[in-house]
Amino acid sequence: MSASARSQTIDISLTVNGRPVQASVEPRLSLLDFLREELDLTGAKKGCNRGECGTCTVLVDGRRVNSCLVLAASASNHEVVTVEGLAKDGELHPVQQAFIEADALQCGFCTSGQIISAVACIEEGHAGSTEEIREWMSGNLCRCSCYPQIAEAVEMAARRMEADNA
Amino acid sequence: MSHQESSVISEKVTRVDGPSKVRGEARYAGDQKVDGQMHAVPVLATIPAGELESIDAKQALALADGIVVLTARDMPRLHPDLDNITVPPLATRHIPMQDNLILYEGQVVALVLAPSLALATEAAKLVKPIYRTHSYINPEHQVPQSADPARGNYSGSGPLDWTKGTPDAAYASAPHKVKSIYTQPSRHANAMEPSAIVAHWHDGQLTVWDSMQHISSVQITLAAVFGLSIEDVRVIAPHTGGGFGVKAFVWPHEILAAMASKVCGKAVKFVLTRQHMYNMVGYQPQMTQHMALACDEKGQLAAIRQDVENVTSLTDDYVEFGSAAARSFYACDNISISQRVKRGNINLPTFMRAPWDGPGSWALGSALDELAHEAGIDPLDMRIRNHADTEPQTGEPWSSKMLLECYEEGARRFGWRTRPEGGTRDGYWLRGFGMADCSQGQARFQSSAGLTLTAEGTAHVASSFCDMGTGPATIFRQVAAEALGLPLSAVTSDHGQTGLPAAGPTYGQSTTISTGNAVLMAAREIKAKLAAHLQWPVAETVMEDGCIRRNNERLSIKDAMKLMGMQEIASESTFALPGGAYVDMGAPGRPARSFGALFVEVLVDPDLGLVRLRRATGVYSAGRILNPLTARSQITGGIIWGWGMATMEGSHLDPERGRWISRDLAGVPIPVNADIPADLDISFVEEFDHEAGPLGARGIGELAATGVAAAVGNAIFDATGARLHDLPITPDKILGALRLV
């Protein structure tokens, strides 16, 4: 590909954590690199850049995706929520709070992705039991190996959110 | 501080960095941004042995304005000061891009800089190196050799040969004996955060944001690379996204990033990819352990031999001292060990969780199980019979050891004595039960901490330690709060940068014992200063509930300080080791080690060879536990690491091309949430280790990952009758063995 052909950009317009964002991006730019490099939203991490680890998980229209596998251009006209967008008026999301209480994080590098994934896992109705949670949270690796605590945190948050909605 | 119930230590305190991490606000090295920064992407050698003849960068440079391609010619030469830095903390003496020699596949041959990551990545692919190849030396095929003390200092950390008594004669005449060879592949750490560094020169001074486990190592090494004074290097690392040993020492990419920044005059951000983590930093080396054990009719050990070989690079001799297990675990009059290396064209291995005792406990813990079965003795009774009351190598008393209590409590909680017979069916599954010793030598490092108490009744801890998720930022506040009688909320802290009192490293499960003791000593010094001002004997002075008290006399800290006309009292203390040592393994004459007993139940599907962890019980003797919440997470994490080692993980070299066959998280499986049952039963015996340090604590981080592979292998044997000697124990190996049973 010649330099001139590659220099074309695409105008995109999306919502990130409730805020409208307009940008002109290279077609090859991933949503993860867009968030991290262009918007300086560094909560989503790059653990592998090929969809194996889940540290880059964000919500697109409420669905959890590996943002390293999504092009920024294809997120145009969609709603993106990152871990930075979960707390409301400074108040932690129940999943965030449960992760602290259950000690479901150690180094913290996978935590943003785990939390976003947990929010979606609960929303999908996949938090009915510890076994179900363990299965549906297995796309997010944790090398500190906090798995029992992560499952506990997701269950804790799910029960609290159920009670709040009852 | 008295050893009594207290309000802050021993409480389940949540992590102080929890809120910033769950909000995604914690900034790691790769999250840093400096105005005008350049992104670095390396060009890596695609051959394992040879010379770089030339590099064609024309296409890369033509891609866009602002691209820089650095080759060996462009890089500054290493300053002679670097000769004074030992290996370690310099990870390897071989720094790429100083000459044209290629010693391993993946060695950096050029560094591409560009204003955007995408551009740098694309340009790096267009750089065309031309090589002249040499014949490849596959380390795994080499004859084991003695380590050379001139190839780095790794080989000097333990005995390469050691014998006590007459093990060969004792083995020959014993009634029960086993001889087997245990093997394990190289394993990569795969911390979730790939290593990253941002280097920035400004007015002749160097600042780096780095992903690491020891601030001072990076500071002194980078200063030496450029012949700077130490004060001219600033190192910042508030968070490290997991290290597990491979961020402990200073690897070439850290030096290359700093050089590149110096050459191009801009900040350089060098974030390794997952693929780079396979050959630009270390890993646990492939090992072969020759075991020979013998015992008498009652199970008393008559002889232990542990002869260990590991692969290493052509550049430095890294020795994986698995034989630490034979020297330390069991009482025996006749012990012999040796350590040999096999050199070849690969990148250098390194310490990885859990070094030495991790691999060592796999071989020894498995061989002892074999011997117990040979002799018809329960594996737990075998261990009780051979309990090492004193340190086997020296005969010296331990600092503290409550392993017998761990055995008893573990057996009770697990139901070891009433377990079903191995091979009992549960549906398709065969049940198996196994146990093993967990044990890790306790390193203590010289470490300093500052502490300030203010008239407002607040306190501030300052020390350069790294918190990579092990929790020191939390527990050191607990230590200060308890010693000064303050609520935890009144204590703040700074860590993870130069300019603070120099802490020891965050590895070798040494942080709590080293820096924790320094914090406690600083708090005691503040208390002594207050008592002296009040003319109270310090022994009668108590600090509690924000007050200082002697008998019925009680002053708030505010009033006490007002009385003394002071706004704050500061102290700085160093946990200094006897003889001015930088590191030791316990006080002289009182070797320190952490202990534990792990019991596991596994399920094996005899038709498919699948193996599942059903439950585990671990009981540990590790001195005083400062925070049961974070301690539990450390231990469960270690057990899961051990499960990965036992049943999943391994990195293999292409025998022709000398490259790691898989360099990702798809080809190299590591445990996921679904692999791990919720039922991990963790507890600690109550213990206060006066000899290891005033805090009463020892380490747990490495301990947790020892013994697991042996316990799992022993349980698989119990379930199936098949003894697997090669890690990881995967379905194909189980099925192969079952055909032979």
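Quick note on labels: first sequence line is chain A, next is B, and so on, each numbered from 1.
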Do the charged groups of B:Glu649 and A:Arg143 touch, with an N to O distance under 4.0 Å?
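Here B:Glu649 pairs with A:Arg143 in a salt bridge, since their nearest N and O are under 4.0 Å apart.
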Are A:Arg28 and B:Glu122 ion-paired here, with the side-chain N under 4.0 Å from a carboxylate O?
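Between B:Glu122 and A:Arg28 there is a salt bridge, with a charged N closer than 4.0 Å to a carboxylate O.
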Residue pairs, two or more places apart or on separate chains, that pass ring pair (Phe, Tyr, Trp, His ring centres under 6.0 Å) and touch residues 101-153 of chain A:
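Sorted pair list: A:Phe109-B:Tyr28, A:His126-A:Trp136.
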Could you look at [X] and say if it's the side chain, the backbone, both or neither that has a heavy atom under 4.5 Å from chain A?
X	result
B:Leu117	side chain
B:Ala196	neither
B:Gln275	side chain
B:Leu680	side chain
B:Thr470	neither
B:Thr240	backbone

How far does [atom1] of [X] sit from [atom2] of [Y], to the nearest 0.5 angstrom?
X	Y	atom1	atom2	value
A:Cys142	B:Ile640	SG	CD1	8.0 Å
A:Cys48	B:Met192	SG	CE	7.0 Å
A:Cys107	B:Lys21	SG	NZ	6.5 Å

How about residues 87-103 of chain A versus chain B: which residues have heavy atoms under 4.5 Å apart?
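The stretch touches chain B at A:Ala87, A:Gly90, A:Leu92, A:Gln96, A:Phe99, A:Ile100, A:Glu101, A:Asp103.
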When you look at A:Asp40 and B:Arg27, which way does the salt bridge (Lys or Arg N to Asp or Glu O under 4.0 Å) test go after all the steps?
CA-CA 11 Å; A:Asp40 202 27; B:Arg27 288 223 164 207; 3.0 Å; yes
Assert top hit (heavy-atom pairs under 4.5 Å, partner chain A, pool B:Pro194, B:Ser20, B:Gly242, B:Ala26) equals B:Pro194
Just jot down the side-chain contact (heavy atoms from CB on, under 4.5 Å) partners of A:Asp11, sequence neighbours excluded, or say none.
A:Ser24
Please name all residues satisfying side-chain contact (heavy atoms from CB on, under 4.5 Å) with A:Thr130, sequence neighbours left out, ordered by chain then number.
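Expected list: A:Arg134, A:Ala151, A:Glu155, B:Ala678.
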B:Ser116-A:Glu37 side chain donor-acceptor pair, cut-off 3.5 Å:
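The answer is no; no qualifying pair exists.
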Quick one: which of A:Ser30, A:Cys53, A:Gly47, A:Gly51 has the most heavy-atom pairs under 4.5 Å with chain B, could you say?
A:Gly47
Hey, does the side chain of A:Ser138 reach the backbone of B:Ala674 with a donor-acceptor pair shorter than 3.5 angstrom?
yes
